[in-house]
There are 2 protein chains.
Amino acid sequence: MTDQVIAGTDLTRLRELNSLTIVSALRDQPPATVTELAKLTGLSRPAVDVIAQGLVTGGWATVVEPDGSSVVGRPARRYRFRASAGHVIGVDVGAHKILALLADLDGTVVHTARRSVAADANASERLAALDDVLAVCLSESGKTAQDIWAVTAGVTGPVDATGKTTLFAVLPGWQTVDLAAHLSNRFTCPIIVENDCKLAALAERWQGSARDANDIVFLLAGMRMGAGLIIDGVLRRGFGGAAGEIGALKAVRWLSAPAHLQGCPGVPTTVGPDDAAAWTFNAARDGNRDARAAVNRYVKDIAVGTAALVLALDPQVVVFGGGFSRSADLVLDPLRRELQKLCLRVPDVRASTLGADSVALGALRLALNEVDRRLFTVGLSAPPAAPRREESPAQSNEVAGTKV
Amino acid sequence: MTDQVIAGTDLTRLRELNSLTIVSALRDQPPATVTELAKLTGLSRPAVDVIAQGLVTGGWATVVEPDGSSVVGRPARRYRFRASAGHVIGVDVGAHKILALLADLDGTVVHTARRSVAADANASERLAALDDVLAVCLSESGKTAQDIWAVTAGVTGPVDATGKTTLFAVLPGWQTVDLAAHLSNRFTCPIIVENDCKLAALAERWQGSARDANDIVFLLAGMRMGAGLIIDGVLRRGFGGAAGEIGALKAVRWLSAPAHLQGCPGVPTTVGPDDAAAWTFNAARDGNRDARAAVNRYVKDIAVGTAALVLALDPQVVVFGGGFSRSADLVLDPLRRELQKLCLRVPDVRASTLGADSVALGALRLALNEVDRRLFTVGLSAPPAAPRREESPAQSNEVAGTKV
DNA sequence: CGGACTTTGTAAACTCCATAGCAATATTGG
DNA sequence: CCAATATTGCTATGGAGTTTACAAAGTCCG
């Protein structure tokens, strides 16, 4: 209230803002000419020219000399955002697998590293596997930890502001794990730990089936059920990072919902508990009566919590994602019918298009958000380099508050 | 995606931005000296001086000549935001009353007009009463409709983007009423129609008991139960304007909750249905067993829906408001206990401090938001004057998206 | 009562940024 | 080879903010 932080706007600050404007325009894909950028940003051509050259000398952009393009007039030099100036890592620390994605500043995935983990592996085993995946991902892509500008890790369970899963943890022995601290020993850049559902929601809006929507309820459906909320284009974490945890309500039968699929009469004893749900979905698709009934009971159970979220937020889209999204063909229609019964205004119900990679992709996006946030606060005056982590712990709520 | 609207930043635009910065600083209360403003905004003294003088000549600020203040050095001229340059109206179209507030650009209420309406009055009677209240409010404060910069009206029931209550209406005969159109005949300025719960939530954050919080679930408790959501400091309406309508879920017993209070054994037959709840609260406060049990049943019923909202959003604060907030002393503790049972992380539970005026106050705030939005898009170059309504209907979601 | 001190108000010089308009340049098509 | 066309490069112009300097208007203290 007292120090209403207001940006004093200097002349140099204006240049900085315009530079950032050019960078923003440049990043929305293809190499652009000065005139295109001028038209796009509203700045004059000379101004854009000076700024673009400054970006090149600063290392933020590269020149694309004109190739044989078939237009009248002198061929224009094109400028391209130097996405390879930095890289980020997004990693999904899941129950069954660890998946790390390494991407450049455009979000283009450069390298992928995956490793299976036993569902009952203890915390230190899982952390060792994580280290292994990260090391492989770095070495195979020819990078070192110092080349990485931001790292985001996704885990199950609500994550508080300090990056810990104190409320409850699903992974064995995970209550006491401080993942952010663990990663801090390996990276000097900012590190963010976030709930898997929230990350998957972010991914779905970024590259998935909800690219057009600003108000999204994302369901991560698998052996555990969770939700991630995007409101007005921004991922919402809640005050304590526990937004979307509607499954904790007893009246919402999210905890027990998957049991209908696992306990379906007729599941062969040879099928392990992890594959039972898949078996039931397949059987339902083949017309098995019991399986269809089980799926319907499952949908009925998840619909109540979904309806609660829909009524609370009135979103434009509900995205059905997670492991079970492979069977979305069986779920979507009955889910729509249930929501019709329960809600005032039924949103679009769509299937996830990203599947099992969504959490890691969302982690990537959040890491990029962190990079963007720095860019827009620190500016472009310094040459591109991996930022050092601030002493104060990363405030996830701030990072999440970036559009796209 | 194509026209990523980017502000081309001209030199004059920079001046505009700095002027807006000064205005923002100026509005946060008391008349300030040039040096104070310079320190506050980061601009140099000469720059602030020029801008401040420009604001005075433009009609946006006034000079306060130094009075006998006992400080060392030359006494400083002070500048004050000219809040009286414009006025806005916020009006609550309630079931029992219509309350209109007229305020200046600082939000200081200049005039109040109130009128009782029968709960079963039909739509045209209610609209006539509204017209009457507005006319009285204007004439008694010596203003005309042309002096008003924005009008916001609060009604029960979810309001869609066009300002209509199509989903369902509580007021008799209100389904077909186009309140925005009705008001358009009387005012040329922007007109916003909004749900009462949402407005009350806004008020509570502005001047009520949730001033410190950015993530708020507000409960409007009365004969009808509703909620308004503020997330990250901004009122959230949802894609279709129906955010917070968790009461539509059958498992949430919000519809039937007040019946416990009305149907409490021992309510005298002389007490009308509207006052029965008050009687029960009073009886409970006096130790009446049946009344206490009724209150407890009531709290248990509203707690489920509240818990759903809390789990969905993980807010910092839950505010108990509306007509029943007078009896918050009986409700808050049991409500906290119930939430403790149902939620992961229990937020602060507080009573509203604004009472029955909260809806009209929130309407005022939303009207001011609209004025601010215009200010920040149109700029200060034009002298202060009542804006004319755009042809396109006011997009409430945009207006709501202003902090504070 | 007068001088020292402090703070405000104002003017001038300087720097920086963006714009506008013109000349030079490079490519295509005839 | 020349004309048409579009881009690039350059210079002059004007606007905005900062710094510096100095006069003006008070208070404090001897």
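Throughout, a chain's letter reflects where its sequence line sits, starting with A, and its residues are numbered from 1. Just so it is clear, the model here is predicted, and its values are computed rather than measured.
- Residue A:S44 places its side chain closer to C:dT19 than to any other of C:dT8, D:dT8, C:dT19.
- For NZ of B:K39, the number of neighbouring non-hydrogen atoms (other residues, nucleotides, ligands) closer than 6.0 Å is 12 at most.
- The residue among B:V34 and A:A47 whose nearest nucleotide of DNA chain C lies closer to the 5′ end is B:V34.
- In this structure, of D:dC10, D:dA24, D:dT20, it is D:dC10 that holds the atom nearest to the side chain of A:P46.
- An OP1 or OP2 oxygen of D:dT18 is reached within less than 4.0 angstrom by no side-chain nitrogen or oxygen of B:R45.
- Atom CZ of A:R80 has 12 or fewer heavy atoms from other residues, nucleotides or ligands within 6.0 Å.
- Straight-line distance from the CZ atom of B:R15 to the C1' atom of C:dT19: 18 Å, rounded to whole Å.
- Going from atom CZ of B:R74 over to atom P of D:dG26 covers 7 Å, rounded to whole Å.
- The residue among A:R78 and B:V48 whose nearest nucleotide of DNA chain D lies closer to the 5′ end is A:R78.
- Atom CG in B:L37 sits about 16 Å away from atom C1' in D:dG17, given to the nearest Å.
- If you take CD1 of A:I51 and C1' of C:dC17, they are 9 Å apart, rounded to a whole angstrom.
- Base engagement by A:L11 is indicated by at least one non-hydrogen atom pair under 4.0 Å involving a base atom.
- Straight-line distance from the CD atom of A:E36 to the P atom of D:dT7: 8 Å, rounded to whole Å.
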*Is there a side chain to side chain contact (heavy atoms under 4.5 Å, CB included) between A:L375 and A:W60 once you walk through the steps?*
CA-CA 11 Å; A:L375 230 59; A:W60 291 101; 3.5 Å; yes

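- The side chain of B:Q53 places an N or O atom within less than 4.0 Å of a non-bridging phosphate oxygen (OP1 or OP2) of C:dT10.
- We find that CZ of B:R13 is positioned 18 Å from C1' of C:dT19, with the value rounded to whole Å.
- Atom CD in B:E65 sits roughly 15 Å away from atom P in C:dT8 (whole-Å rounding).
- The phosphate of D:dG17 (OP1 or OP2) has a side-chain N or O of B:N18 nearer than 4.0 angstrom.
- Taking side-chain N and O atoms only, B:R77 has a distance below 4.0 Å to OP1 or OP2 of C:dT10.
- The environment of CZ in B:R374 is crowded: more than 12 heavy-atom neighbours from other residues, nucleotides or ligands sit within 6.0 Å.
- Between A:T35 and D:dT7 there is a side-chain polar atom (N or O) within less than 4.0 angstrom of OP1 or OP2.
- Side-chain proximity of A:T12 to C:dA18, C:dG9, C:dC16: nearest is C:dC16.
- Across B:L364 and B:G107, no two heavy atoms sit closer than the pair CD2-O, 4.5 Å.
- When each of C:dA18, D:dA16, C:dA26 is scored by its nearest atom to the side-chain atoms of A:L14, the top-ranked nucleotide is C:dA18.
- Spacing between atom CG of B:D49 and atom P of D:dT18 amounts to 12 Å, rounded to whole angstrom units.
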